[in-house]
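Below is one structure; the comments refer to it alone.
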Amino acid sequence: MNAYDILKERGFIAQATDEEKIKDLLNNEKVIFYIGFDPTADSLHVGHFLQLIVMSHLQKAGHKPIALLGGGTAMVGDPTGKTDMRRIMTREEIEHNASCFKKQMSKFIDFTNDRAIMVDNYEWLSKLEYIPFLRDIGMHFSVNRMLTAECFKSRMEKGLSFIEFNYMLMQSYDFLLLKRKYGCILQLGGDDQWSNIISGVDLIRRKDMEESYGMTFNLLTTNEGKKMGKTEKGAVWLDEEKTSAFDFYQYWRNIDDAEVIKCLKLLTFVSMDEITELSKLKDEQINRAKEVLAYEVTKIVHGQQKASDAQDASKALFENIGQAQNMPSKEISVEILTQGFDILDALLAAGFIQSKSEGRRLIQEKCVLINNNLVEDFKLTIENYMFPEGEMLLRKGKKKYFKFILK
RNA sequence: GGAGAGGUUCCCGAGUGGCCAAAGGGGGCAGACUGUAAAUCUGUUAUCUACGAUUUCGAUGGUUCGAAUCCAUCUCUCUCCA
């Protein structure tokens, strides 16, 4: 099946500069395209993941992706979708984040044998000279028109600094440069990037009298339009250190009914035939679709082993099938116990609470269990006898499990 | 540079001397109901060595028995003027 049709069928496409032409390009030619990722955190999140899936689809269809690390643009800060100005990040911070991004990306995209390219726009943006840049690039941007762009509108009330106002120029310049350097004629991105993308297309037309294309993808939102992939701890991260494979699996397993099919299409490689079958499920049967979703997404991000571990653990905990094995766990030494390790310390170590006050509250609300026995005393000390098989099961409410292994 | 309006807890947003750890909403967490769903209802939502103590209302100093609230200086944001 053709690349464009795949994206269309799975519901990725939001807007395109020239739908017919892009369809033709993606279906009949080998295209070099790019997607930019600003390293503003030390791990990719679900929103990035969606973009990577698109890249992967297109790469499989024979196109060549350029993953653009926004080491330079992150120094400026994209005002899109932000109500306030982004914190100015240090160069060191950005570099560190970029290296984290690199590692994670290579899991999803094949960068071997020049099948994909990764570049950092810090390479050229950091070397720009102000006056030449203004004369060469700035000239082609109409402030009047920029101000009408959707991405600035929300900021007209709250305030927009000049540094952020420049972001659009930076991104447009990236596109121009990638076109010249690599022959990249297509820029993709989330739908919030639309104004930035079309301004790049315009710039290329003005500077080089050449046609280029842009296309955006639906953002991963719930039906109420809220961003998905957010939890109390912030985003759902792809980094296992930040979001364990088990928690990652659980996030998708607990997705709203209404979102399952959409997520299957967007975030997995499950065939459309199979998804169509799954979409026929009703009521509690939908749980089967959720299992497929959770398993498949976890498999792509953390590998098959981790995915089935998470699935086994989930079934064991929630459906009482077999023994719970692979839930998040931690080793704990006898010495620590003898030094005095109470229930609050345990909750903290499990990452269930941010403060001991929160722990006390939870215990008062009767939702903390050790080996499935309710904990009522928040001074309870953890002792050896609580590890019958060398393991202790700590629970917070019905859904959060953690295992301590005595060593 | 001038004039005005602001900066409150995770977010929005009340509060203009004690009854303020700070209304209300959102979000989060937990409980009930369920299908590990949604909707709905309930509780909870600064920290700690916890019937008490400590820190919090942009920052720093001051007035006062007592300040988020009054004063001074600083700082940041917004609007209008140049």
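Basis for what follows: all heavy atoms, side chains included, without hydrogens, waters or symmetry-related copies.
Comparing the P positions of B:U56 and B:U42 gives an interatomic distance of 35 Å, to the nearest angstrom. The same atom, C1', is picked in B:G15 and in B:A23; the two are 8 Å apart, to the nearest Å. Separating the C1' atom of B:A68 from that of B:C57 is a span of 4 Å, rounded to the nearest Å. B:G17 and B:A67: their C1' atoms are spaced 6 Å apart (whole Å). Separation of the P atoms belonging to B:U44 and B:A22 is 12 Å when rounded to the nearest angstrom. Nucleotides B:C78 and B:G24 place their P atoms 32 Å apart, quoted to the nearest Å. With C1' as the reference atom, B:U55 and B:A5 are 30 Å apart, rounded to whole Å. Only the P atoms considered, B:U77 is 14 Å distant from B:U8, to the nearest whole Å.
Under the 6.0 Å distance and 45° angle rule, A:R91 counts as a cation-pi partner of A:Y122. Annotation: cation-pi geometry satisfied between A:K60 and A:F269 (NZ/CZ under 6.0 angstrom from ring centroid, within 45° of ring axis).
In this structure, a donor-acceptor pair under 3.5 Å is absent between the side chains of A:N97 and A:E93. Defined by atom type and a distance below 3.5 Å, a donor-acceptor pair is present between the side-chain atoms of A:Q193 and A:N196. For the residue pair A:E291 and A:Y249, no side-chain donor N or O sits within less than 3.5 Å of a side-chain acceptor on the partner. Side-chain contact annotation: A:W237 with A:D42, donor-acceptor N/O pair under 3.5 Å absent.
Using a 30° and 60° split on the angle between ring planes, A:F162 and A:F165 fall in the tilted class, from 30° to 60°.
Pair assignment for B:G24 gives B:C12, based on Watson-Crick or G-U wobble hydrogen-bonding distances that are each under 3.5 Å. Judged by Watson-Crick or G-U wobble contacts below 3.5 Å, the nucleotide B:G43 has B:C29 as its partner. In this structure B:A38 sits in no base pair that meets the Watson-Crick or G-U test at under 3.5 Å. Pair assignment for B:C70 gives B:G62, based on Watson-Crick or G-U wobble hydrogen-bonding distances that are each under 3.5 Å. In this structure, B:G1 forms a base pair with B:C81, meeting either the Watson-Crick or the G-U wobble geometry with both donor-acceptor distances under 3.5 Å. Nucleotide B:G52 is matched to B:C48 when pairs are restricted to Watson-Crick or G-U wobble geometry with both distances under 3.5 angstrom.
For the pair A:I363 CD1 and B:G31 P, the computed distance is 14 Å after rounding to whole Å. If you take CG of A:D257 and P of B:U34, they are 16 Å apart, rounded to a whole angstrom. When rounded to the nearest whole Å, the span between CG of A:L362 and P of B:C29 equals 11 Å. Between A:I353 atom CD1 and B:A30 atom P there is a gap of 13 Å when expressed in whole angstrom units. When rounded to the nearest whole Å, the span between OH of A:Y251 and C1' of B:C29 equals 16 Å. Distance, A:L317 CG to B:G35 P: 19 Å, rounded to whole Å. Distance, A:L344 CG to B:U49 P: 8 Å, rounded to whole Å. For A:Q354 and B:U45, the CD to C1' distance is 13 Å, given to the nearest whole Å.
Side chain of A:K400, nearest nucleotide from B:A30, B:U49, B:A37: B:A30. With B:C48, B:G35, B:U44 as the candidates, the nucleotide lying closest to the side chain of A:K356 is B:C48. Considering only the side chain of A:D256, B:A38 comes nearest among B:U36, B:A38, B:A30.
Listed pair A:S355 / B:A46 fails the phosphate criterion, with no side-chain N or O lying under 4.0 Å from OP1 or OP2. Considering only side-chain N and O atoms, A:S357 lies nowhere under 4.0 angstrom from the phosphate OP1 or OP2 of B:A46. Of the side-chain N and O atoms in A:R361, one or more sit less than 4.0 angstrom from OP1 or OP2 of B:U47. Under 4.0 angstrom from either OP1 or OP2 of B:C29 there lies no side-chain N or O belonging to A:K399.
Rounding to the nearest 0.5 Å places CG of A:L68 at 6.5 Å from OG1 of A:T73.
Among the protein residues, A:L160 comes within range of the sugar-phosphate backbone only, with heavy atoms under 4.0 Å from sugar or phosphate atoms but none that close to a base.
For B:U34, its base sits under 3.5 Å from the side chain of A:K398 at one donor and acceptor pair at least.
Each of A:Q250 and A:C367 was assigned the nucleotide of RNA chain B with the nearest heavy atom; the assignment lying further toward the 5' end belongs to A:C367. Checking A:E358 against A:Q311, the closest nucleotide of RNA chain B that is more toward the 5' end is the one next to A:Q311.
Listed for the A:N371 side chain is a donor-acceptor partner under 3.5 Å among the backbone atoms of A:M386.
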Could you run down the sub-3.5 Å N/O contacts of the protein with nucleotides 80-82 of chain B?
none

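Atom CE of A:M272 has more than 12 neighbouring heavy atoms from other residues, nucleotides or ligands inside a 6.0 Å radius.
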